Amino acid sequence: MTTPFPFTAVVGQDDLRLALLLNAVSPAVGGVLVRGEKGTAKSTAVRALSALLPEVPVVPGCRFSCDPAKPDPACPDGPHESGGGVTRPARMVELPVGASEDRLVGALDIERALSEGVKAFEPGLLADAHRGILYVDEVNLLHDHLVDLLLDAAAMGASYVEREGVSVRHAARFLLVGTMNPEEGELRPQLLDRFGLTVEVAASREPDQRVEVVRRRLAYDDDPAGFAARWADEEAAVRQRIVAARELLPSVRLGDGALRQIAATCAAFEVDGMRADIVMARTATALAAWAGRTDVLAEDVRQAALLALPHRRRRNPFDAPGLDEDKLDETLEQSGGEDDDPGPDGPGGGGGGQPQPDSGPQGGDTSARPEAAEGGEPQSSGAGAGEQAPARAAEPFRTKVLSVPGLGEGAAGRRSRARTEHGRTTGAVRPRGTLTKLHLAATVRAAAPHQRARGRSGPGLVVRRDDLRQATREGREGNLVLFVVDASGSMAARQRMSAVKGAVLSLLLDAYQRRDKVGLVTFRGASAEVALPPTSSVDAAAARLESLPTGGRTPLAAGLLKAHDVLRVERLRDPARRALLVVVTDGRATGSTEPVALAGRAARLFAAEGVASVVVDCESGPVRLGLAGQLAGELGGTAVTLDELRADSIAGLVRNVQGTSRRAA
């Protein structure tokens, strides 16, 4: 068994370590979502935490880890008698990104059902994680329905399985930890809210701290056991502190003054619902227990707000997370409770007292906020002749659904109809290759007429390979939405470009909510460029759009040809993902020889391949040439004006496209 990296040897990342420890003290806090760039010790810290958790007593032979002191009366392996039991280390169960629903929640044991004729439940990862840690790396890449299932189980403390004639309920209380790199795509706001705490992590910019990180990692790689032994005392101290905090937790008093501060803070930051108030209350209580106190102080409420509110105050996916700490301090001061004893300064909210020798400077990492990096007017560097400074995007608005026609087979999402592994069952077919989703009723129907001929004598069903049926399901898929944006002089009127950017930003918001990949091609001057290769990070596309300069000539054909190259490459990388082309232009084209005709020939390449397309017509003024409409006709798609993008008339635009993708045929 590999020796884990010691938790107390992780350099810096104070907020991350504190959030994990608070959940270890009080799992009712609701878990931790760790957001940050790659290589910031996210996974290392989570895996190291499992070694600090106290051992758990379990009923021998129980697959659901029942506590022998208080066995679950509804345990599928029960009933159990009280008393006795054995102890084992707390488990850390990892949920892989490609896991199936059956693997997560469990399912009917098909082998026993068919061979013995009995219903038997095969537990999933939620049962394995009971009374331990459930770790989901890259949680933002996990299918939404799986995230819904595990968050529901975490909130209720139980997993309910109702499927294929099986009805099972079992306890599922675990410390839920998810890690993600925002560059690879975001979680939906509804799912963000279900995580109790969130932490933003980043690599330190302090040379001394970076040196210490490298030194410790090299020492661990050279001798894992020896390195862990050097930190054994610190690990034992934190383990004992967790146990003491758990014992103290029921005695911690959350006074009316602290509750008023919690309610006022949540109201001041306009968070939705009441979950934030409850999570803050539980977090502040855990902070007091961790500090060895029985009263919740204002400093606990402040630290709880910094951990529980950043991901809940976001008003749309492109708002940077984080809290205005000056506003937080002002709110806490104005709502200070009369019954709170200020008390002496203690280790309190910052997790002071956690053993961390030689951890180097601690100040610079967590104070930086994304607003500082993203705020302010974008600057244009190296501007050429005729180039204008980037225009600010207008306020985004809600758009109607644009979908690709036909029935696809791409990755699960929320845009176009598709045959998927998850969704409503629409029928059954003979499996092609490996059977992945058994249609039990159809399999039984196929096997039933042959039982006498096969010599069946017992309760089991005699099933052969030819009897197996694969369930066909229909759901929704995510698409590749490729934006081709005209940034030329013909579009450079500042007010108009602001409206264009607002429209594209609105479509990006829609793509975010529908779990699409997005790409951005721009054309201006003498050429086109891929401003953003296809990615799941809609935030990155929004940032590139915001800094997009304008001016110069209008090489429309070059923009379309560049988009065609992008789709060709993506088809090789991900052949199942269908594309939706969104061209944002007024249709004008300039160039040396017949620019409009060249653009038409480029557009017909997409029509010949059945690529679904929409042209957002940005032409304005009393005299209109209608070139965007002509371009839409060449593409085999539909044109819509900026105003119509908001209206009901856009509903089903792409469904009216003539021709479908060859991959959907």
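This is a predicted model, so every value here is computed, not measured. Sequence positions, counted from 1, serve as the residue numbers for this chain.
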Checklist entry - With sequence neighbours excluded, what pairs up with Phe64 under the ring-ring contact (aromatic ring centres under 6.0 Å, His included) test? => result His170
Checklist outcome for this item: Hits for ring-ring contact (aromatic ring centres under 6.0 Å, His included) against Phe5, two or more places apart or cross-chain, chain-then-number order -> Tyr220, Phe227
Contacts of type side-chain contact (heavy atoms from CB on, under 4.5 Å), residue [X], not counting sequence neighbours:
X	value
Ala158	Tyr160, Arg169
Asp152	Met156, Arg194
Ala69	Asp67
Ser50	Met92, Ile133

Next on the checklist: If you count heavy atoms of other groups shown closer than 6.0 angstrom to CD of Glu55, is the number above 12?
Outcome noted: yes
Note, [X] side chain near [Y] side chain (heavy atom, < 4.5 Å):
X	Y	answer
Leu126	Leu134	yes
Thr535	Lys517	no
Val252	Asp295	no
Val58	Val86	yes

Item to check | Stepwise side-chain contact (heavy atoms from CB on, under 4.5 Å) test for Leu309 and Val279 | outcome: CA-CA 9 Å; Leu309 297 188; Val279 171; over 6 Å; no
Exercise: do [X] and [Y] side chains pair donor with acceptor under 3.5 Å:
X	Y	value
Arg88	Ser65	yes
Glu299	Gln303	no
Glu234	Thr8	no

Separation between [atom1] of [X] and [atom2] of [Y], rounded to the nearest 0.5 Å:
X	Y	atom1	atom2	value
Leu16	Leu197	CG	CG	11.0 Å
Thr198	Met180	OG1	CE	8.0 Å
His130	Cys62	NE2	SG	8.0 Å
Leu125	Tyr135	CG	OH	14.5 Å
Gln334	Thr265	CD	OG1	10.5 Å

